[in-house]
Enquirer: 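Take a look at the following structure, please.
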Amino acid sequence: KQGEAGDTFYIVEEGTAVALKDFEDGEPPKEVKDYAAGDFFGELALLKDEPRAASVQAKSDLTLLTLDRKAFKRLLGPLQAIMERASQQYVNK
């Protein structure tokens with residue numbers, strides 16, 4: 001959920017989801033990204049050690065693979081620069 005501490009990285013194995021972001025109080029959240037099998041989320045909070053930038057909601061039955069912070073850093077650490085560049089798509093919306 002947007003604003004919460006993030007300690008898990010998610011990979012969509014099956015199904016679809018959408019990222020929703022609150023921009024203004026009292027306004028409904030805006031859809032900022034769709035997710036399908038093979039997509040991932042939760043990396044921003046882990047890479048930047050910041051609260052979650054958006055909430056993610058299932059649009060269908062959803063199966064997720066997860067990595068905790070320690071496993072994420074160990075397994076994906078070498079890819080950190082690539083993931084940070086990819087994360088700019090969220091920030092620039």
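None of these values were measured; they are calculated from a predicted model.
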Enquirer: Using atom types as modelled, flag every donor-acceptor pair under 3.5 Å from a side chain in residues 6-20 to any protein atom, sequence neighbours excluded.
Expert:
from, atom 1, to, atom 2, distance (Å)
T16, OG1, S60, OG, 3.2

Enquirer: Quick one: does NZ or CZ of K33 land under 6.0 Å from the six-membered ring centre of Y35, within 45 degrees of the ring axis?
Expert: yes
Enquirer: Test L64 against F41 for side chain to side chain contact (heavy atoms under 4.5 Å, CB included), laying out the working first.
Expert: CA-CA 10 Å; L64 299 170; F41 58 93; 4.1 Å; yes
Enquirer: For residues 49-59, which residue pairs qualify under side chain to side chain donor-acceptor pair (under 3.5 Å), counting only residues two or more places apart or in two chains?
Expert: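 As it turns out, the side chain to side chain donor-acceptor pair (under 3.5 Å) pairs with a partner in residues 49-59, which skip direct neighbours, are D34-K59.
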Enquirer: I'd like to check the side-chain contact (heavy atoms from CB on, under 4.5 Å) partners of A71; sequence neighbours left out, ordered by chain and number.
Expert: L67, D68, R74
Enquirer: Quick one: are L47 and F72 in side-chain contact, heavy atoms under 4.5 Å?
Expert: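 When only atoms from C-beta onward are counted, F72 and L47 do touch, with a gap below 4.5 Å.
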